[in-house]
Amino acid sequence: MPEGHTIHRLATALTARFGSREVRASSPQGRFAEQAAIVDGARVRQVRAHGKHLFVEYAGRGAPVVHVHLGLGGRVVVGQAPAPEPRGAIRLRLETDSAYADVRAPTVCELIDPRREAALIAKLGPDLLARAPDPAAVRRRVSRSRVAIGALLLDQRLFAGIGNAYRSELLYRCGVSPWTPGADLGADGFDELWEEARRLLADGRRTGRVSTVDRADLPRGQRRAARRALAPEDEASGSAVARARARETYVYKRAGLPCRRCGAEVQTGSLGGRDVYWCPTCQPGASEPASAASDGAVG
DNA sequence: GATTTATGGTAAT
DNA sequence: TTACCCTAAATCT
């Protein structure tokens, strides 16, 4: 479910409901019970996102922070009070008289102090959904790297917030093969990717969906729906069906289908440990190495 | 009922 | 590079 756009959307929704309020905290599942008790009833200041990380910040100097990372399968359901009887494993439930939020299946849910929050953020690259993320340091590192840009884009130390769906879509929209070494992009190529990433993620934050296809490239019948924000009930359900319905992509998850622009068969391969998708015609240049995979970390 | 999958990340090898 | 982590829902048998 979660790339940066989802987490930022959540931060906004949670701040609106819990910011500046005293919030009950509990762990119906039990695994976060001790920590929840510590912040139970405390006043939340705000909920902040950096890339794919979520921070529930409490009021008061040195007050603890709840750090959540949803990982692959995690999700947060936000709703109006009264919260329903807990069903399944709810790691953390936040609750006021008017709203509740359930955190399920997070990779990380921990109580930390503000210092630790700052340290975590310091390890991440600029958040593409920040007001004015500075690309200078990232540009420099990419320009010196022989690692494929498709792998670099997933490195959160460089690009905080980009995930697997956006990386493929981003590269398609910029006409860049995922296998292009970072150094071969050139400054202009890098800047184009950077700005396009910001645009796409901002769009996702606005609509709640990964819809990256230009109107003209969609069949007539789909044009209207693709630009509309995701229906609240679909977003709340978070089901795979709702997610698939909320997705209009050029190449992501379209292996073997014809490219929406040129008709060539969309390709898939493994890069950076995840499935990557591309159109061999619209994204010319470096191609998949014949010998299995040449992944890598930052070079 | 069992297995697979997911828009992620880390630790071990 | 692989294994593994958490969990829910989809897909299998």
If you compare every side-chain N and O of A:R75 against the phosphate oxygens of C:dT7 (OP1, OP2), does one of them come in below 4.0 Å? no
May I ask you to evaluate whether A:R104 reaches the phosphate of C:dA8, defined as a side-chain N or O under 4.0 Å from OP1 or OP2? yes
Grab the CD-P distance between A:E248 and B:dT7 for me, whole Å please. 17 Å
Of A:Y252, A:W179, A:Y172, which meets ring pair (Phe, Tyr, Trp, His ring centres under 6.0 Å) against A:W278? A:W179
Could you tell me if A:R93 sits above the aromatic ring of A:Y100, with its cationic atom closer than 6.0 Å to the ring centre and no more than 45 degrees from the axis? yes
Within the structure shown, what part of the strands sits under 4.0 Å from A:R87 by heavy-atom distance: base, sugar-phosphate, or nothing? nothing
Could you tell me how the ring of A:W194 sits relative to the ring of A:F159: parallel (under 30°), tilted (30 to 60°) or perpendicular (over 60°)? tilted
Please determine, for the side chain of A:L72, which listed nucleotide (B:dA6, B:dG9, C:dT7) has the closest atom? B:dA6
Rounded to the nearest angstrom, tell me the gap between atom CG in A:D275 and atom C1' in B:dT4. 14 Å
In whole Å, what is the span from the CG atom of A:L128 to the C1' atom of B:dT7? 15 Å
Among the nucleotides B:dT7, B:dG9, C:dA8, which one has an atom lying closest to any side-chain atom of A:K52? B:dG9
Step-by-step side chain to side chain contact (heavy atoms under 4.5 Å, CB included) determination, A:V56 to A:L14: CA-CA 9 Å; A:V56 182; A:L14 293 172; 5.5 Å; no
Spacing between A:L154 atom CG and B:dG9 atom P, to the nearest angstrom: 8 Å
Of all the heavy-atom pairs spanning A:V78 and A:L10, show the shortest one and how long it is. CG2-CD2, 4.1 Å
Between CG of A:L54 and P of B:dG8 the distance, given in whole Å, is 16 Å
May I have the distance from A:R274 (atom CZ) to B:dT5 (atom C1'), rounded to whole angstrom? 12 Å
side-chain N/O A:H5 vs B:dT7 OP1/OP2, d < 4.0 Å: no
Could you list by number each residue of residues 160-177 of chain A showing a heavy-atom separation from DNA chain B of less than 4.0 Å, or answer none if no residue does? A:G163, A:N164, A:A165
Indicate the ring-plane relationship of A:H53 and A:H67, choosing parallel, tilted or perpendicular according to the 30° and 60° boundaries. parallel
Closest of B:dG9, C:dT7, B:dT7 to the A:Q156 side chain is B:dG9
Starting at NZ of A:K253 and ending at P of B:dT4, how long is that distance when rounded to a whole Å? 15 Å
Sticking with atom P, work out how far B:dT7 lies from C:dT11, rounded to a whole angstrom. 14 Å
What I want to find out is whether A:R116 reaches A:D113 closely enough, with some N-O distance under 4.0 Å, to be called a salt bridge. no
Between CG of A:L70 and P of C:dT7 the distance, given in whole Å, is 13 Å
